[in-house]
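No experiment lies behind these values; they were computed from the predicted model shown. Proteins come first, then strands; the chains are lettered A, B, ... in the order of their sequence lines, and each starts at number 1.
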Amino acid sequence: VTAGVFLKKMTQGRFRFHEPRPFHRQAQAFCSAETLVRAFYACLLFFAANGMGSWEGIANRGAFDLLWPVAWLGWTNPQMGASLIFAFYLVSMLAAAFAPRLRWARFAAFFGLFQYQALHYSNGKIGHSMHAWLLISFLLIFLPNAWGGSQPLNRRERQSFLQVFWTCQAFFLLTYSMAGLGKVAGAIYQASIGEITCFHPQAFALHAAERLLETHSSSAFGGWFIEHPLAGWPLMIGGVYLQFFSLLALFRPPLLRLWALGLALFHLLSFFVLTINFPSSVLLLALFLFASPFLSRNYSSREILETLPLFGPVFRRLLSRCAAS
Amino acid sequence: MRSYRKLKRFLAGFLLFVFVGGLLTLLVPRQEIYPIYSWFLFALTPNAKTRYALQILEYQNQLLDPPLFYEEAGDLVPKPRSITLVKIAQFWGRAVEQGDETAENKNRALFESNFLPGASRYALMRVHYDPIARWKTGAVHMETVRLYRAEGARP
């Protein structure tokens, strides 16, 4: 039993969303996924072109804290090595955006991004805004080689394509679930030593105050939430709930788009309160989850409510009581 | 069919690796090994506790009276709102407390080269505050951990 089947059995339980015409749907889903993969590489090219203005500053840093993938810069002239990385990064992104169907181009794009991000974050702190893009570009190497050429892919190859795409979605949602798990584990630890946890009414205000103080910045709503801590309480609890059950949403189709929307709103709110901007994650949510190729229809609000983690069974009982009466 | 099964096993293994590997990185000092990370972002709620901060006493022959925290010296320094520097200060403070000279020198070099170019005198401070109380009243308790002087090769 593979991990995927195991996860499906664990998470779907009694929720079954039957697909009446699976082979027809496979062809449709493949077309969507193929377009999304092309869009993914177009976005990576945009990121590369958009970041060119910062290259001089990166290359001319007075000191580096080289991460292991770019440790080789320590044995050469860092400015020259950095220029090599920039050149390879840009050319590889062009190649992958132009011909994403070729595996070597996808591999080059992954390697170029891997090196560039390692250099970018060789400054004492590793940022995480492009980690998901990087690891998804690694997964996409394993798409069938030369798809979209003169020979159409057969059913098995299309299924392989979709399997890789599904894993990209699963990986991306897994990162949110791990963030949720971190908050729950952190809360257990902090409760055990008598500290305020993320479930405390003041938690959101504490995060806002800490962030704004340490960067000496201001945000649109940060000050207000610090003055009115209770207003942030449901947002904090909702954020932890949303993050923790993100991966589960992938196995419950009625929830997927709604969850992605919630996560996008979570990022946007983070900017307006904490000044933390994750535009690349919002883009990835819109690209791979709002437009998920695996959703074949719209779901009713009843289906959404009944499949909510933790609260689904309550809604199911309530709704069936309403129907009976 | 065999290659499809292999692919499925590999993809499942990748997800497992991301999860388990990510959690295991919590055991290393920096809590991540690029690009594997636990994704424990904002896992701990900031309580009233001790952090480290950098306070500038003199910069490019200009004496600051009273001294300013780096993040407050917006008109003087190049990157006053950098979250990277906040992180560097925490690594630096811990290195000093643990007597780790290598890590102290590394973080000092990063700071002086990338964040405070030019001659300066500054202090690594231990600051203790409750975030909400400090936001409302400015209340903060601080003590000097170490004083530094930079000659400043690049003004």
Side-chain angles (χ1 to χ4, degrees), chain A residues 2-4 61-65 67-69 114 117-118 121 123-128 131 134-135 139 142 156 159-160 163-164 167 170-171 174-176 178-179 181-183 185-187 189-190 195-198 200 202-203 205-207 209-210 212-217 223 226-227 229 275, chain B residues 1 3-5 7-16 18-19 22-23 30 32-35 37-47 49 51 53 69 71-72 74 80-88 91 106-107 109-114 117 129-136 153-154:
Chain A
T2 63
R61 277 179 195 150
F64 287 94
D65 178 17
L67 295 177
W68 68 268
F114 181 57
Q117 288 296 318
Y121 290 124
N123 64 346
K125 177 191 177 289
I126 304 173
H128 306 102
H131 270 42
L134 173 68
L135 290 172
L139 281 170
F142 300 95
R156 184 175 55 78
Q159 193 60 29
S160 298
Q163 190 70 44
V164 171
T167 308
F171 156 71
L174 175 64
T175 62
Y176 286 103
M178 289 172 75
L181 177 68
K183 287 180 183 65
Y189 166 71
Q190 289 192 297
E195 286 191 353
I196 289 177
T197 75
C198 65
H200 190 276
Q202 279 194 329
L206 281 166
H207 275 295
E210 175 77 349
L212 297 181
L213 283 169
E214 65 188 9
T215 54
H216 197 66
S217 48
I226 297 168
E227 296 296 333
T275 67
Chain B
M1 200 60 194
S3 64
Y4 177 64
R5 280 203 196 115
L7 176 72
K8 276 179 74 170
R9 264 187 224 129
F10 167 75
L11 294 173
F14 173 84
L15 292 177
L16 195 66
V18 166
F19 181 69
L23 294 185
R30 288 185 74 161
E32 62 186 303
I33 302 170
Y34 172 84
Y37 180 51
S38 65
W39 295 95
F40 279 21
L41 291 159
F42 297 92
L44 296 176
T45 303
N47 280 249
K49 64 166 94 168
R51 293 104 169 134
F69 281 114
E71 62 272 19
E72 293 170 352
R81 291 178 182 176
S82 170
I83 194 67
T84 300
L85 184 60
V86 174
K87 203 78 176 176
I88 286 174
F91 288 136
K106 186 184 77 178
N107 287 299
L110 284 170
F111 175 61
E112 290 180 4
S113 303
N114 300 336
Y129 61 86
D130 171 81
I132 293 178
R134 186 181 174 189
W135 174 269
K136 288 181 177 169
R154 295 193 317 156

### Message
Tell me which of these, A:Gln159, A:Glu227, A:Met178, has more heavy-atom pairs under 4.5 Å with chain B than the rest.
### Response
A:Met178
### Segment of B:Val18 engaging chain A (4.5 angstrom heavy-atom cut-off)
both
### Query
Going by heavy atoms in the side chains, are A:His200 and B:Asn47 under 4.5 Å from each other?
no
## Note on the structure
If you tally heavy-atom pairs under 4.5 Å between each of A:Leu67, A:Thr175, A:Leu174 and chain B, the highest tally belongs to A:Thr175
### Message
Within the structure provided, determine whether A:Lys125 and B:Phe91 are in side-chain contact (heavy-atom separation under 4.5 Å).
### Response
no
### Query
Contact part of B:Asn107 toward chain A, heavy-atom cut-off under 4.5 Å: side chain, backbone, both or neither?
neither
### Task
Examine whether an atom of B:Leu7 lies under 4.5 Å from a heavy atom of chain A, and if so say whether it belongs to the side chain, the backbone or both; otherwise answer neither.
side chain
#### Entry: Considering all heavy atoms, the nearest A:Ala118-B:Tyr34 contact
N-OH, 3.3 Å
#### Entry: Under 4.5 Å from any heavy atom of chain A - which part of B:Phe111
neither
### Message
Between B:Phe69 and chain A, with a heavy-atom cut-off of 4.5 Å, which part of the residue counts as in contact: side chain, backbone, both or neither?
### Response
neither
### Side chains of B:Glu71 and A:Thr215 in contact at under 4.5 Å (non-hydrogen atoms)
no
### Query
Tell me, side chain or backbone of A:Leu213 under 4.5 Å from chain B's heavy atoms, or both, or neither?
both
### Message
Restricting to non-hydrogen atoms, name the atom on B:Ala43 and the atom on A:Gly182 that form the minimum distance, rounded to 0.1 Å.
### Response
CB-O, 3.5 Å
### Summary
Under 4.5 Å to a heavy atom of chain B? For A:Phe114 that would be both
### B:Arg51 and A:Glu214 ion-paired at < 4.0 Å
no
### Query
Using non-hydrogen atoms only, which part of A:Leu135 is less than 4.5 Å away from chain B: side chain, backbone, both, or neither?
both
## Note on the structure
So, the part of A:Thr197 with a heavy atom under 4.5 Å from chain B: the answer is backbone
#### Entry: Derivation and outcome, side-chain contact (heavy atoms from CB on, under 4.5 Å), residues B:Tyr4 and A:Gln163
CA-CA 9 Å; B:Tyr4 177 64; A:Gln163 190 70 44; 3.0 Å; yes
### Query
Most heavy-atom pairs under 4.5 angstrom with chain A, which of B:Ile83, B:Ile88, B:Leu85, B:Ile33?
B:Ile83
#### Entry: Region of B:Phe14 that comes under 4.5 Å of a non-hydrogen atom in chain A
side chain
### Task
Indicate the atoms forming the closest heavy-atom contact of A:Ala209 with B:Trp135, along with that distance.
CB-CB, 4.2 Å
### Contact origin within B:Leu11 toward chain A - heavy atom pairs under 4.5 Å
both
### Message
Restricting to non-hydrogen atoms, name the atom on B:Pro131 and the atom on A:Glu210 that form the minimum distance, rounded to 0.1 Å.
### Response
CG-OE1, 3.6 Å
### Task
Using modelled atom types only, decide if a donor and an acceptor are shared between the side chain of A:Lys183 and the backbone of B:Thr45 within a distance under 3.5 Å.
no
### Message
Under 4.5 Å from any heavy atom of chain B, what part of A:Ile126 do you find: side chain, backbone, both or neither?
### Response
both
### Query
Which answer fits A:Pro229, side chain, backbone, both or neither, if we ask what part of it has an atom under 4.5 Å from a heavy atom of chain B?
neither
### Message
Counting only heavy atoms from other residues, nucleotides and ligands, does the tally under 6.0 Å from NZ of B:Lys87 exceed 12?
### Response
no
### Message
If I take atom CG from residue B:Leu110 and atom CG from residue A:Asp65, how far apart are they, to the nearest 0.5 angstrom?
### Response
5.5 Å
### Message
Would you say the rings of B:Phe10 and A:Phe142 are close, in the sense that their centroids are separated by under 6.0 Å?
### Response
yes
### Query
Is chain A contacted by the side chain of B:Ser38, its backbone, both, or neither, given a heavy-atom distance below 4.5 Å?
backbone
### Query
How close do B:Ser3 and A:Arg156 get, heavy atom to heavy atom, and via which atoms?
OG-NH1, 3.1 Å
### Query
Does A:His128 reach the side chain of B:Trp39, with side-chain heavy atoms less than 4.5 Å apart?
yes
### Task
Among the options B:Glu32, B:Arg134, B:Lys136, B:Lys106, pick out the one with the most heavy-atom pairs lying under 4.5 Å from chain A.
B:Glu32
### Query
Between B:Pro80 and chain A, which part of the residue has a heavy atom less than 4.5 Å away: side chain, backbone, both or neither?
backbone
### B:Ala109 versus A:Ala63, closest heavy-atom pair with distance
O-CB, 3.7 Å
